Amino acid sequence: MYELVLRAPEALVEPVSEALMDELEALSVSVEDADVDTDAEQALFGEPGLPAPKSGWQRSTIKALFAEESQATEAAALLLAQDWADELHVQSLQAVEDQDWVRLTQSQFEPVQVTPAFWIVPSWHEPPQQAQQVIRLDPGLAFGTGTHPTTRMCLRWIAQQSAERRARWERVLDYGCGSGILAIGAALHGARDIDAVDIDPAAVQATQDNAQANGVQLRAGLPELAQGRYPLVLANILATPLKLLAPLLTGHVAAGGDLVLAGILERQADELKAAYASWCELQVSDSQEGWVLMTARMAGDA
Ligand SMILES: C[S@@+](CC[C@H](N)C(=O)[O-])C[C@H]1O[C@@H](n2cnc3c(N)ncnc32)[C@H](O)[C@@H]1O
């Protein structure tokens, strides 16, 4: 695991963090509050090869973890090639022990509220009193702790469906399952016979482990595991793969069933609608922090 530590004025924290998470393949990003540079920090910034700071600036520390050193180096180079390079400083780039990664990730992961009654709670936290449905999750390397708005919107959609709709979920497909969080969330809301698939074997393993920790029965595997039609298909991936997967995903939705897609930015919603138009009419049914949830009900009786 490799940690890239950057110092930036507050105004850059959001765009830099977003670029790290969305485009530069960071596994996690944490931000420490802005403070005024100390002498010690000035000394550090003044090291050969590192740009000197302007004294008295309010700066934040942004720490990003990467699986590979090349990803961290490339991310630093790409960030420093932007217009804001004068104000952004690379403080360090170094290998960190796996225990540090676990500790760092754990310290960032607090209980997440999906609805007032539905929570995602790390195993080292007690669930809040009002929680009636709880997903217990230890973050692994697989994506899906519920802290990302795309995951939260999918879970909220699941929780908001009527009892009558949930009664139809005799088969459910979670395509691009990551940690398995959507499959587990669906199981807690009445889904039976769940298939959770991912191209990443680490995600398949994480899904199996997380399902077991939550007492949920499911089958996890590579995409070939998905067979036939399902009354509910969930896919939180990204716009480009979702467009390519349109015939496959729609082919897995049963007549009268629901397709729920996430990982789509607001500005990509029209492209997605067009890519799926031959099979179904996608609608934006939720949005959070620039991301949208798109859903469609397939024609025909369930
Ligand atoms: C953004 S994560 C979502 C994880 C989880 N479902 C959630 O909602 O938090 C996307 C997952 O899709 C997987 N993935 C990406 N492309 C895929 C594809 N073509 N087929 C299956 N899985 C894919 C990735 O490995 C990753 O685990």
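The basis for the numbers below is simple: all heavy atoms, side chains too, and nothing from hydrogens, waters or symmetry mates. This structure is a prediction, so every number in the text was calculated from the model and none was measured. Order of appearance sets the numbers: ligands from 1, and atoms from 1 within every ligand.
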Hey, looking at atom 10 (C) of ligand 1, which of Asn236, Asp174, Leu155 has the closest heavy atom?
Asn236
Whether Asp198 side chain and Ala203 backbone form a donor-acceptor pair below 3.5 Å:
no
State, to 0.1 Å, how close Val292 and Met153 come at their nearest heavy-atom pair, and which atoms those are.
C-CE, 3.7 Å
Which atoms of ligand 1 sit under 4.0 Å from any heavy atom of Tyr175?
20 (N), 21 (C)
Any salt bridge between Arg152 and Glu289, counting N to O under 4.0 Å?
yes
Atoms in ligand 1 with a heavy atom of Gly178 nearer than 4.0 Å:
4 (C), 27 (O)
Below 3.5 angstrom, do we get any N/O pair linking Asp200 and ligand 1?
no
Check: Thr150 main-chain N/O paired with His148 side-chain donor or acceptor under 3.5 Å:
yes
I need the atoms of ligand 1 closer than 4.0 Å to a non-hydrogen atom of Ile181, numbered in the order shown.
7 (C), 9 (O)
Does Ser179 reach ligand 1 with a nitrogen or oxygen that is under 3.5 Å from one of the ligand's nitrogen or oxygen atoms?
no
If we only consider heavy atoms of Cys177, is any one of them less than 4.0 Å away from an atom in ligand 1?
yes
Using distance alone, determine whether Gly176 and ligand 1 share an N or O pair under 3.5 Å.
yes
Applying ring-ring contact (aromatic ring centres under 6.0 Å, His included) as the test, list every pair that has at least one member in residues 212-261; sequence neighbours left out.
Tyr230-His252
Charged N-O contact under 4.0 Å between Asp258 and Arg165
yes
Going by distance alone, is a donor N or O of one side chain under 3.5 Å from an acceptor N or O of the other, for Ser179 and Asn210?
no
Provide the number and element of each atom of ligand 1 under 4.0 Å from a heavy atom of Leu182.
6 (N), 8 (O)
With backbone taken as N, CA, C and O and side chain as the heavy atoms from C-beta onward, which portion of Leu238 lies under 4.0 Å from ligand 1: side chain, backbone, both, or neither?
neither
